[in-house]
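To start, the structure under review is shown below, and the notes come after it.
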Amino acid sequence: MSLEEARAFGFETRQLHAGQRPDPNTGARAVPIFQTTSYVFEDPESAAAYFNLQEYGNTYSRIMNPTVAVFEERVANLEGGAGAVAFASGIAAQAAALFTLLRPGDHVVASTALYGGTVNQLKHVLGKLSVELSWVDPDHADAWRQAVRPNTKAFFAETIGNPAGNVLDIETVATIAHEHDLPLIVDNTFATPYLCRPIDWGADIVIHSATKFLGGHGTSIGGVVVEAGTFDWSNGRFPVIAEPSPAYHGLRFHETFGTYGYLMKLRAETLRDLGGALSPFNAFLFLQGLETLSLRMERHVANALAVAEFLRSHGLASNVSHPGLADSRYRPLVDKYLPRGAGAVFSFDCAGGRAGGQGLISGLTLWSHLANVGDAKSLVIHPASTTHRQLSDEELAAAGVGPGTVRLSVGTESVDDLIWDLQNGFKHVAASIDGQVTA
Ligand SMILES: *Cc1c(COP(=O)(O)O)cnc(C)c1O
C-alpha cells in the first residue's frame, strides 16, 4: 500500500512529501539535484520506447529531469491536478500552455486585469502568430459569454488580478467556458494552492509564476502549468490535440494518453520544441520554498490585511484594493474562494499623484523598491513608471492603475515594522506635497 492510499494527507503534509521518496540509491532525505543533461539508456529497446512515448523514461533534461519532476508532481498534487510541466519562467509556462492548444486564426478571451507581462505576451506574441484576442472585464459574466466566437479556444484570467485586486468568480466563468466546450486557464500565482485551488471550482489549466510565492524567497525564475485532466480535448474544437500530430509522427495525444493527453503534448512537443526548461537547481530551490508554503502564506495574508487596514485609515492613501477588506466589493468572492485570506499583493493610490507615489517609495527603508512580488521580504513598486510602463493610458485605467498607484507585496516581517516604515514614507509624501503647494 502506498502512502497516498493509506490516508488522504493534509496540505501541510503534502507540501513536504508529495512526489518524493527518500532516494532509493543513497537514502538522501532531501531531493537530490540531478544536475545532468542526459541519461544512459538500459538498452536500445528501452531507448526506442522512451522516444516513442511508449514508456516513460528520462532522455534529456530539456524534456524531463528527476529533480524537476518532484517539483512538478508536488505542485500538481497541491493544486489537485492530474500532472504538471515546469518551465524556465512563468511567462514561458503560459506561452507554452497557450501554444499547445492554439493554431493561427484561433481566438482567446482574456481578462483585462492581468499582470503587465501577460498583457504584452497575449497582445504581441499571439498577434504575431495570427491569434485573435478579446479583452473582457473579468467581473462581468456576460462579457465572457458575449466574447465567444466559433474560433475561440480558451478563457484566460487570474485568481486575484494585479494590481486592482479583482477576485475571479472562477465557478461562474468556468461554467460559461464549459457551456462553449472551452477550457478556463487560471493564473493562480497570487493565491497559491494554499489559498485557492481553481481546479476545485472548474478551472481546467492552472498556471504559476513559481518565481513568486511558490519559491517565496526571490531567488529563482520559474513557472509551471498544471492540468486538471478532465477536459474533453476530443470535443471537436481542438483538432490540434485530438488529431494526428505531424510533430510527433501522427500521434493522437488525447486518444493515446486520455487524462494526460494535453500534458504529454505540452511536454513532448511544446517544451521539446520551444525549450524553456526549468533547471534542476531552480527546481530544488522551489521545492525548498514549497515546504513552508502554508506557513509563509498564513503570515503573508495576516500582515497584508493589517497593512491594508492601516492604509485605509491613513489620510494620504485612498482606493486600497485589498479584496479582503470588509467593505471590498469582492468580499463575497473572497469568502467563497479565498477563505484563508485574499493574498498579500494589493495597491492603493498615494496622494500627490505620480510625485506622491514616487515620494513615498523614496521615504522607505525596509520595503524594497523592485519589480517582483511574493518574496518573504516586503516589496513596493510604482506601476505607472515601471511594470505597467508599456501600457497605454486606457490600458492602465482598464488594469486599475492610476498615476499615484503604489503596489505592495507584503512580506513576513514583524508587521509593526512594516507599518512604521510606511509612516515614515508618508511623512516624505506630506513634505513633498507641502513643497509643491508653497513652491
Ligand atoms: C510574475 C508573473 C508572471 C510572469 O512570471 P515570470 O516568472 O516573471 O516569467 C505571470 N503572471 C503573474 C500573475 C505574475 O505575477
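Just so you know, ligand 1 is whichever comes first in the structure, and atom 1 is the first atom listed for that ligand.
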By number and element, which atoms of ligand 1 are closer than 4.0 Å to a non-hydrogen atom of [X]?
X    : value
D187 : 10 (C), 11 (N), 12 (C), 13 (C)
I91  : 4 (C), 5 (O), 6 (P), 9 (O)
E158 : 13 (C)
G90  : 5 (O), 6 (P), 7 (O), 9 (O)
G222 : 7 (O)
F190 : 13 (C), 15 (O)

Kindly say whether the aromatic ring centers of F9 and H17 come within a distance under 6.0 Å. no
Would you say the ring centroid of H254 lies under 6.0 angstrom from that of Y262? no
Under a plain distance cut-off of 3.5 Å, with no hydrogens placed, do E227 and W233 share a side-chain donor-acceptor pair? yes
Are any side-chain N or O atoms of N303 and backbone N or O atoms of V410, one a donor and one an acceptor, separated by less than 3.5 Å? no
Can any side-chain N or O of S234 pair as donor or acceptor with the backbone N or O of A242 at less than 3.5 Å? no
Any nitrogen or oxygen of K212, side chain or backbone, less than 3.5 Å from one on ligand 1? yes
Consider every N or O of T211 and every N or O of ligand 1, then say whether any pair is closer than 3.5 Å. yes
Give the minimum heavy-atom separation between N151 and R237, together with the two atoms involved. C-NH1, 4.3 Å
Looking only at protein heavy atoms, what sits closest to atom 4 (C) of ligand 1 is Y115 CE2, 3.5 Å
One pair to check against salt bridge (charged side-chain N to carboxylate O under 4.0 Å, His left out): K212 and D375. What are the steps and the verdict? CA-CA 6 Å; K212 316 295 167 53; D375 195 317; over 6 Å; no
